[in-house]
Trainee: 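One structure follows; several queries about it will come next.
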Protein chains: 2
Amino acid sequence: MQQAQHPIHSNRTIKSQPVAKSPSRNPPITEHLAYLLAQANREINRQLEARLRDEGVPVEQWRILKVLSDGKGHSMGDLADEVLLNHPTLTKMIDRMVSDSLVYRVQDPDDRRKVLMYSSERGKALTQRLNALALSQEAHIAESYGDKATAELKRLLESLIDTAT
Amino acid sequence: MQQAQHPIHSNRTIKSQPVAKSPSRNPPITEHLAYLLAQANREINRQLEARLRDEGVPVEQWRILKVLSDGKGHSMGDLADEVLLNHPTLTKMIDRMVSDSLVYRVQDPDDRRKVLMYSSERGKALTQRLNALALSQEAHIAESYGDKATAELKRLLESLIDTAT
DNA sequence: CATCAATCCTTGAATGTTCAATATTTTCGA
DNA sequence: TCGAAAATATTGAACATTCAAGGATTGATG
């Protein structure tokens, strides 16, 4: 139950100072880097998601499979960093992937606190199909957005990540 | 079909074809645009989150407040698009913000299916403090990452969003 | 103008994520 | 070598998001 508080007397009359530019500009949200990144990420992620839907696999699982496709064992901690998930989320997602026989756990013989993750044969086969889907998205972007712009954007993003981490 | 089944005898011996470049390159995940965007977004979002923590407000609520700070009523549908949330998520977040007296609902008199959202006085005051925090982040990025690079990155992101939507 | 379709928002159930706490193993200093 | 502290992964409970369905209102069509 909401009463119409006092929406209408928008006091446009106040109209304070002619906007001092330097100390406190007030840009619209669409000019904030954080917002632009969120928006671009959301859109590109959606497109990728749509392609991966052919195989019924969420984007995060593709990342996991892709990282594991080097055949080496990755500890849960390292993997979490690599695929941009925090630990409990990864644990539970891995649980599902183990149920689907896409990956398996092996206790690290050198440090028994660690669990090393490996991709199964089934996981590897799926990875190949997913790679093709992901590459087709990259190709589509490069085509519609332009090779130059794509390369430049990637370069700037890498550099931002370096700076920010 | 490579038989790496069990982890340790990594048969580097198979070593298939010398990698045909054109038809199926296989870049590491760190070269995918989708991944770079996710990573950059995650990092910048984290930093912003950390700053907003002073006021105990999640990033999404800042976006909502910022959009509503124009004083005009925004329908839930429009608002959802503007703040990059889907409808049910927004509804429930708005519920919380109403509990906190930051915003309020008014039924649109011209179309009674719609609900118009407004920022309360309390919400507006908070918005100002949040704006300052967000701006300080932008300033910090511009400083460490460079004005030029920041501007160029924003430009490319806007352009990507245009292309991709 | 009556009805059927479309639009808009919300809800409830299922699902997923996160935080804090726990168990296990390793590391390291006294 | 012993014990405390750190590192690693998991779990359970709290919380948030999503999907599908629903109720209300409006628009369009015959």
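Each chain gets a letter, A, B and so on, in the order its sequence line appears, and its residues count up from 1.
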Trainee: To the nearest angstrom, how far is L90(A) atom CG from dG16(C) atom C1'?
Mentor: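 The distance from CG of L90(A) to C1' of dG16(C) comes to 14 Å, rounded to the nearest Å.
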
Trainee: Between S75(B) and dC9(C), is there a side-chain N or O to OP1/OP2 distance below 4.0 Å?
Mentor: yes

Trainee: Given dC19(D), dT26(D), dT10(D), identify the nucleotide with an atom nearest to the side chain of M76(A).
Mentor: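 Selected nucleotide (nearest to the side chain): dT10(D).
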
Trainee: Let me know the distance between CD1 of I94(B) and P of dT11(C), rounded to the nearest Å.
Mentor: 13 Å

Trainee: Between D95(B) (CG) and dT18(D) (C1'), how many Å, whole number?
Mentor: 16 Å

Trainee: Can you tell me which nucleotide in dT8(D), dT18(D), dG16(C) comes closest to the side chain of R96(A)?
Mentor: dG16(C)

Trainee: Heavy-atom nearest nucleotide on DNA chain D for E60(B) versus D110(B): which residue maps closer to 5'?
Mentor: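 Nearer the 5' end of the strand: E60(B).
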
Trainee: Does the dT18(C) base have a donor-acceptor partner in the side chain of K92(A) within less than 3.5 Å?
Mentor: yes

Trainee: To the nearest angstrom, how far is Q61(A) atom CD from dT15(C) atom C1'?
Mentor: 14 Å

Trainee: Between atom CD of E82(A) and atom CG of L68(A), what is the distance when rounded to the nearest 0.5 Å?
Mentor: 8.0 Å

Trainee: Classify the angle between the aromatic ring planes of W62(A) and H32(B) as parallel (below 30°), tilted (30 to 60°) or perpendicular (above 60°).
Mentor: perpendicular

Trainee: To the nearest Å, how far apart are H74(A) NE2 and dA9(D) P?
Mentor: 13 Å

Trainee: Classify the side chain of R113(B) versus the base of dT7(C) as yes if they form a donor-acceptor pair under 3.5 Å and no if they do not.
Mentor: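 For R113(B), whose side chain was compared with the base of dT7(C), there is a donor-acceptor pair (under 3.5 Å).
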
Trainee: dT11(C), dA16(D), dT26(D): which one has an atom nearest the side-chain heavy atoms of T91(B)?
Mentor: dT11(C)

Trainee: OP1 or OP2 of dT8(D) less than 4.0 angstrom from a side-chain nitrogen or oxygen of R105(A), does that happen here?
Mentor: no

Trainee: Would you say dT26(D) has OP1 or OP2 under 4.0 Å from some side-chain N or O of R112(B)?
Mentor: yes

Trainee: Between atom CG of D108(A) and atom CG of L116(A), what is the distance when rounded to the nearest 0.5 Å?
Mentor: 4.0 Å

Trainee: In whole angstrom, give the distance that lies between atom CG of L85(B) and atom C1' of dA16(D).
Mentor: 11 Å

Trainee: Rounded to whole Å, please give me the gap between CD in Q107(B) and P in dG23(D).
Mentor: 18 Å

Trainee: Output, in order, the C-alpha distance, side-chain angles, deciding distance and verdict of side-chain contact (heavy atoms from CB on, under 4.5 Å) for E43(B) and L84(A).
Mentor: CA-CA 10 Å; E43(B) 189 55 38; L84(A) 315 177; over 6 Å; no

Trainee: Using only atom types and a distance under 3.5 Å, with no angle test, would you say the side chain of E138(B) pairs donor to acceptor with the backbone of L33(A)?
Mentor: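 Yes, E138(B) side chain to L33(A) backbone: donor-acceptor pair under 3.5 Å.
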
Trainee: Rounded to the nearest Å, what distance is computed from the NE2 atom of residue H87(B) to the C1' atom of nucleotide dA16(D)?
Mentor: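 Between C1' of dA16(D) and NE2 of H87(B): 18 Å.
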
